[in-house]
Participant: 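Before anything else, here's the structure in question.
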Amino acid sequence: MPATTATRPSDELSRDQRLELFYFARLTRDIEERLALLYRQNKVVGGLYRSLGQEGESVASAYALAENDAVAALIRNLGSVIVQGIRPRAIFAQYMAKGTSPTHGRDLNLHFSHIPNGDDGPIVIGPISTLGDLVPVMAGVGLGARMRRRRLVAMTYIGDGGTSTGAFHEGMNFAAVQKLPLVVIAEDNKYAYSTPVSQQMAIPRIDQRAEAYGIPHEMVDGNDMLAVYDASKRAVDLARQGAGPSLIGVDTMRMRGHAEHDDMRYVSKPLLDAWEARDPITRYRAHLIETEVATETDLVEIEAMSRQYAEDEAGLAEADPGPDPATVADGVVAGGHFQPSVEIVRSPFRVKRGASRHTQPTVVHP
Amino acid sequence: MPATTATRPSDELSRDQRLELFYFARLTRDIEERLALLYRQNKVVGGLYRSLGQEGESVASAYALAENDAVAALIRNLGSVIVQGIRPRAIFAQYMAKGTSPTHGRDLNLHFSHIPNGDDGPIVIGPISTLGDLVPVMAGVGLGARMRRRRLVAMTYIGDGGTSTGAFHEGMNFAAVQKLPLVVIAEDNKYAYSTPVSQQMAIPRIDQRAEAYGIPHEMVDGNDMLAVYDASKRAVDLARQGAGPSLIGVDTMRMRGHAEHDDMRYVSKPLLDAWEARDPITRYRAHLIETEVATETDLVEIEAMSRQYAEDEAGLAEADPGPDPATVADGVVAGGHFQPSVEIVRSPFRVKRGASRHTQPTVVHP
Amino acid sequence: MAKTTYLEAIRQGLAEEMASDDRVYAIGEDIGLYGGAFKVTEGLLNRFGAERVIDTPVSETAIIGAAIGSAYLGMRPVAELQFIDFVACCFNILTNFAAKSRYRWGAGVPLVVRGPCGGGVSGGPFHSANPEAHFLHTPGLKIVEPSTAYDAKGLIKAAIRDDDPVLFLEHKLLYRRVQDEVPEEDYVVPLGQAVVRRPGDDVTIVTFGAMTHTALDAANQLAERDVAIEVIDLRTLSPLDYETILQSVAKTNKVIVLHEAQRTGGIGAEIAAAIAERGFEHLDAPPVRLASLDTPVPYSPALEAAFRPSVEQIVAAVEHLVEY
Amino acid sequence: MAKTTYLEAIRQGLAEEMASDDRVYAIGEDIGLYGGAFKVTEGLLNRFGAERVIDTPVSETAIIGAAIGSAYLGMRPVAELQFIDFVACCFNILTNFAAKSRYRWGAGVPLVVRGPCGGGVSGGPFHSANPEAHFLHTPGLKIVEPSTAYDAKGLIKAAIRDDDPVLFLEHKLLYRRVQDEVPEEDYVVPLGQAVVRRPGDDVTIVTFGAMTHTALDAANQLAERDVAIEVIDLRTLSPLDYETILQSVAKTNKVIVLHEAQRTGGIGAEIAAAIAERGFEHLDAPPVRLASLDTPVPYSPALEAAFRPSVEQIVAAVEHLVEY
Ligand SMILES: Cc1ncc(C[n+]2csc(CCOP(=O)(O)OP(=O)(O)O)c2C)c(N)n1
Ligand SMILES: Cc1ncc(C[n+]2csc(CCOP(=O)(O)OP(=O)(O)O)c2C)c(N)n1
Ligand SMILES: [Mg+2]
Ligand SMILES: [Mg+2]
């Protein structure tokens with residue numbers, strides 16, 4: 001376990017970065033609220049999987065990456081790809097199965113990739129539905145990076161449920177043996193669909209999974225954004241130094257059902273209330289004011305900006321056309337015309353993170 | 001980790017049991033030596049996988065089971081099925097693909113089962129070649145036993161290599177969550193085929209794998225038969241009491257190649273020499289004499305008996321006919337005539353172990 | 001008799017078998033308290049308790065492995081895969097351990113692996129699989145897929161009573177869309193028997209699952225044009241009921257094999273090849289396969305509609321055959 | 001030109017691609033110091049170093065997963081499965097992650113998964129698999145199986161250069177038993193092209209891998225009886241070269257599809273169905289499938305011989321067809 005250093009990595013965050021963190025968390029929530037609205041309007045195709053209550057950990061962990069690092073999100077890690085610059089419109093388009101989406105309507109929600117050539121932009125690897133597979137795949141991204149002499153770090157996420165898969169085990173162990181630059185955020189959000197963590201694992205803390213692999217691990221309060229950032233940054237730094245993978249357990253709570261159709265009857269009200277009181281965004285907001293990083297006015301302004309942006313982007317995506325059925329068989333193997341792309345955007349804070357060359361954003365947030 | 005108790009379970013072994021342990025280890029080695037001879041004579045069909053140097057741990061761990069418990073051996077755990085009473089002739093017949101073998105020549109070496117109806121005999125579950133699968137399957141045997149209200153314990157083995165499979169992980173975790181009566185013997189024999197343990201896992205001790213599952217584990221000197229017995233007995237008792245699974249790491253060495261064709265160029269001579277000096281049977285033999293459990297004459301007699309028995313059984317199997325090709329398509333699904341069986345035998349010591357009803361042996365060793 | 005949904009029929013069949021045979025139990029992800037992702041097992045936990053309705057970690061190989069082990073001890077497990085797509089995660093232990101066990105050792109594994117299959121609901125590339133062809137090639141494993149509520153109940157009961165592993169495919173499009181009369185009394189639909197859903201003399205359509213209904217829709221349209229389609233619903237996909245198929249082809253002399261999985265290497269290949277091989281003399285036209293495109297299952301409704309076989313395609317294929 | 005074994009040809013092809021393209025690397029169990037269970041990768045570690053010849057834990061899903069991830073970063077992994085049977089352990093990540101990636105996102109995965117397949121060496125139920133049919137039904141995945149040393153080298157090179165995942169099946173019976181002339185110069189055998197191994201007018205045998213040699217043996221025997229067999233060696237199993245097959249059938253009008261995997265649901269089904277569908281007018285007799293029995297692969301030589309298709313069976317099938 002990495003020793004807790006006296007100075008925390010987050011101590012080095014600039015004011016803009018602190019505000020940007022807040023903005024990203026808000027934007028994540030606003031996008032999802034907008035999606036929930038679209039879902040109720042029957043405009044979302046298929047299910048909607050929310051990260052309500054977990055936005056903080058997805059955002060803060062990914063924020064520890066350099067701009068050109070690689071991240072792979074699961075359905076509940078919208079925040080991490082927003083941090084890496086995926087344009088919200090792409091997310092809306094995905095959920096509405098639009099032809100303009102990063103998969104041109106071929107796959108759902110966060111199931112898309114962005115893999116720029118060379119070192120000029122963030123790498124986003126989309127999941128497949130099968131839980132666990134992203135761990136070996138992201139280990140492979142780390143392996144590939146090492147072979148290509150790129151000092152990037154690969155970060156991915158796994159739920160409490162996902163840690164029970166064989167793929168998780170094989171990927172973690174391989175990364176450990178090969179000392180790959182991989183950071184795995186293991187989210188104890190109390191449930192896997194309806195299954196409580198106690199029926200998923202017989203260990204008190206999710207990060208203990210890492211003991212089997214001999215890699216550093218620590219457990220953090222997942223609803224404390226700066227704590228998540230600190231642990232993630234330490235792990236990212238270790239990985240970048242060639243010290244191999246780490247696992248960070250985050251203690252958090254899934255505040256909605258598995259998907260919107262799930263009424264969560266199996267979750268007790270007191271449990272939800274307790275976590276409601278620990279909402280990561282509310283807490284971070286209060287912290288920003290307490291520490292005088294921002295005034296109430298500053299934050300209200302950011303909130304308004306975020307909400308408006310989410311709304312605008314949703315509107316754009318809504319107006320987008322569906323995919324052309326004539327293209328359905330194209331691009332199964334090389335040689336087709338299917339060449340989707342995702343727009344990478346900069347937040348209004350235009351903050352630079354990490355050491356790599358930075359992105360040329362095609363669009364800047366409003 | 002179970003506390004090391006002041007009194008060791010092995011303290012309670014009777015003289016006959018101590019001698020029987022020796023006999024089983026010798027018999028295991030003698031059977032394999034005989035198999036090696038048959039292999040050189042081209043009478044073994046396919047490969048020969050030896051447990052030379054590991055006989056002690058297979059025998060001593062299985063010896064901690066009650067007679068009607070369930071064991072599942074991997075290719076290198078011949079000793080465990082010999083302890084449970086599988087007739088040596090069956091082993092020879094398997095290796096020579098005879099029609100009299102427990103699979104009638106359909107599958108190799110230790111790939112066979114013995115699943116008596118009800119509670120009247122030892123259960124042996126054969127492996128498939130795919131490493132790892134026996135862990136969930138034996139967890140299932142424990143689950144089935146519990147549902148059938150049988151207090152049996154399921155024991156199986158896994159190599160250092162095998163612990164890297166997803167199946168191992170899923171099976172261990174499931175057994176832990178369900179508190180199943182499963183004992184897993186994890187064998188660090190320094191290599192998985194040619195791969196050293198250091199390239200298999202980034203942990204110093206194989207039993208640390210168990211930390212991910214929150215189950216008791218300990219590491220023992222695998223070439224100290226009584227130490228293996230002690231740890232196994234503690235784990236078996238825990239399991240039988242309903243306290244759930246355990247994992248025992250055994251520190252041992254594969255003294256031959258992966259199979260007989262493998263010249264082990266990748267293993268250093270000093271390493272082999274060091275382990276040669278720690279041969280489990282030689283050590284246990286010396287212990288028997290030192291502790292005055294047996295005289296040299298007693299042991300020579302047992303050795304002669306074992307050797308002769310192995311030779312006789314090999315001879316019988318050699319004379320057995322091959323399978324009838326006309327039966328090849330029979331018994332893929334229920335309704336065929338394929339009903340193979342395995343003879344269960346008693347050692348000449350006729351020692352009773354454990355608490356369950358005992359076997360009606362059809363044959364007694366010579 | 002009451003009208004019962006396909007989903008309710010499966011639940012009934014499972015519950016009845018659990019009630020009448022205490023060796024039968026259910027195991028899977030979220031099948032207990034939650035009642036399963038599609039609620040097929042709803043109510044079973046209350047009725048049979050947590051020992052016989054086992055919620056597992058997200059571990060398909062452990063689910064099937066544990067089921068196998070318990071079967072060796074005399075139990076009769078019914079394992080749910082949350083979506084049948086995840087059978088890919090236990091492909092090894094199912095095809096290598098469960099399916100080969102009887103042949104190798106004489107130890108049968110009376111295991112049912114059930115789960116929702118099929119598309120048409122915008123499930124995308126990982127929640128729409130029709131995996132039968134991946135398992136047709138596995139001796140020792142049976143495959144079943146009902147198209148009606150009556151069959152769903154009778155087949156799940158037969159599958160549970162069967163002494164060998166059965167992959168039981170439940171088309172999710174039918175769960176709540178199909179309902180029919182299901183008797184109260186105990187009955188089974190024996191494995192291995194196809195059924196003629198609609199008799200006709202002109203062209204045979206061999207199909208199963210949700211496509212049975214699509215074929216019947218096409219047959220209705222064609223009837224208006226005086227083309228008489230015989231629709232065969234296979235029900236059991238392995239072993240195949242070649243007899244019923246060949247009998248029909250001997251009568252109609254023209255055949256379409258229709259399925260929802262992708263075309264190449266699909267179960268339609270086996271059926272068409274068998275017809276060509278064993279019914280050659282009866283064929284007046286090439287045996288035609290209609291299936292989905294050779295792509296992953298696309299998510300968008302417009303794309304998926306272009307991907308799956310449609311009534312229009314069937315009608316066109318029949319017209320082509322009639323004129324042949 | 002030197003006579004080179006099938007095994008050596010694969011090694012050469014792999015080594016040449018690694019030498020000419022530093023994105024190509026090898027990954028698998030025991031492939032480094034030990035040189036692989038069958039020694040296909042012997043010498044590569046010394047030549048290319050441990051970074052490009054990676055020994056892994058016993059983790060097939062990690063091997064394929066890591067290969068996929070590295071491919072996204074621009075590498076071209078060649079993953080060895082110690083026996084191809086263990087592909088069952090990475091079935092999910094190979095068919096769902098690797099094969100669907102391009103269709104979903106446009107990100108190709110230039111991955112070769114290679115390993116020894118096939119029986120005839122008493123490998124038993126878990127070391128004898130011919131898994132092509134399990135993967136034929138996976139759009140996005142190519143399948144290759146050479147029968148000669150020349151093709152082995154040319155095809156492995158083509159597979160490595162291909163921008164999509166390729167399952168490269170090496171028949172272990174041929175590793176050291178087959179040798180032929182292999183040029184020193186760089187060449188590839190393009191994917192997707194079958195070859196006529198022996199021309200003939202009477203009956204076409206469509207086959208591949210080790211069975212190519214069995215078919216040629218049968219053809220030799222039949223030639224003595226003045227029956228002229230055309231033997232087609234598919235080489236690439238997905239995508240299938242239907243053109244070459246149909247051309248031959250148009251000439252001979254009679255066809256046997258021969259393979260070593262079990263019959264039901266095998267690749268022979270696809271080929272026979274396609275012939276029946278597209279070559280119906282050319283057929284003077286039913287398309288016949290010859291394959292192994294529908295059982296797990298038995299271990300004993302006597303049983304395995306009864307299980308696999310033999311020269312005698314082929315001769316008998318041809319005689320039956322000739323008289324048809
Ligand atoms: C291998 C596999 N099995 C089953 C599923 C079905 N499934 C989808 S999400 C889910 C629960 C996941 O729980 P967890 O990993 O804790 O993530 P969370 O939803 O809590 O974020 C399950 C079982 C799956 N996607 N993959
Ligand atoms: C899933 C799987 N992958 C690969 C193999 C091939 N294989 C057979 S034995 C072996 C090495 C096993 O090593 P270990 O588990 O340490 O057992 P040991 O041979 O040392 O007893 C390998 C890789 C296999 N049997 N199963
Ligand atoms: Mg969770
Ligand atoms: Mg080992």
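As the structure is a prediction and not an experimental result, all values here were calculated from the model. Naming convention: chains lettered A, B, ... in sequence-line order (proteins, then strands); numbering from 1 in each chain.
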Participant: So which part of A37(D) gets closer than 4.5 Å to some heavy atom of chain B, the side chain, the backbone, both or neither?
Facilitator: both

Participant: If only atom types and distance count, is the side chain of S300(D) paired as donor or acceptor with the main-chain N or O of A97(B) below 3.5 Å?
Facilitator: no

Participant: Would you check if the side chain of Y299(D) reaches a backbone N or O of Y95(B) as a donor-acceptor pair within less than 3.5 Å?
Facilitator: yes

Participant: Looking at CD of Q199(B) and OG1 of T56(D), how far apart are the two atoms once the value is rounded to the nearest 0.5 Å?
Facilitator: 9.0 Å

Participant: Using the side chain to side chain donor-acceptor pair (under 3.5 Å) rule, take D55(D) and T195(B) through it: C-alpha gap first, then chi angles, then the decisive distance, then the call.
Facilitator: CA-CA 7 Å; D55(D) 272 326; T195(B) 306; 5.0 Å; no

Participant: Are any non-hydrogen side-chain atoms of D85(D) and S129(B) less than 4.5 angstrom apart?
Facilitator: no

Participant: Parallel under 30°, tilted from 30 to 60°, perpendicular over 60°: which one fits the rings of Y266(B) and Y34(D)?
Facilitator: perpendicular

Participant: What are the two closest heavy atoms between P301(D) and V45(B), and how far apart are they?
Facilitator: CD-CG1, 3.9 Å

Participant: Kindly give the heavy-atom pair with the smallest separation between V328(B) and P298(D), and that separation in Å.
Facilitator: CG2-CG, 3.9 Å

Participant: Would you check, one step at a time, whether the test side-chain contact (heavy atoms from CB on, under 4.5 Å) holds for T165(B) with C89(D)?
Facilitator: CA-CA 9 Å; T165(B) 62; C89(D) 299; over 6 Å; no

Participant: So which residues of residues 107-114 of chain B are in contact with chain D at a heavy-atom cut-off of under 4.5 Å?
Facilitator: D107(B), L108(B), H111(B)

Participant: Chain B heavy atoms under 4.5 Å from Q82(D): which part of the residue, side chain, backbone, both or neither?
Facilitator: side chain

Participant: Chain B heavy atoms under 4.5 Å from T61(D): which part of the residue, side chain, backbone, both or neither?
Facilitator: neither

Participant: When rounded to the nearest 0.5 angstrom, what is the spacing between CD in E29(D) and OG in S164(B)?
Facilitator: 9.0 Å

Participant: For chain D, which candidate among D262(B), T327(B), D324(B) shows the most heavy-atom pairs at distances under 4.5 Å?
Facilitator: D262(B)

Participant: Quick check on the interface: out of A167(B), A326(B), A329(B), P323(B), who has the most heavy-atom pairs with chain D under 4.5 Å?
Facilitator: P323(B)

Participant: Within the 4.5 Å heavy-atom criterion, are D294(D) and V332(B) side-chain neighbours or not?
Facilitator: no

Participant: Of all the heavy-atom pairs spanning V58(D) and Q200(B), show the shortest one and how long it is.
Facilitator: N-OE1, 2.8 Å

Participant: V297(D) versus chain B, heavy atoms under 4.5 Å apart: side chain, backbone, both or neither?
Facilitator: backbone

Participant: For L293(D), is it the side chain, the backbone, both or neither that has a heavy atom under 4.5 Å from a heavy atom of chain B?
Facilitator: side chain

Participant: What option among G123(D), P125(D), A88(D) has the most heavy-atom pairs under 4.5 Å with chain B?
Facilitator: P125(D)

Participant: For atom NE2 of H261(B), decide whether the heavy atoms of other residues, nucleotides or ligands shown that lie under 6.0 angstrom number more than 12.
Facilitator: yes

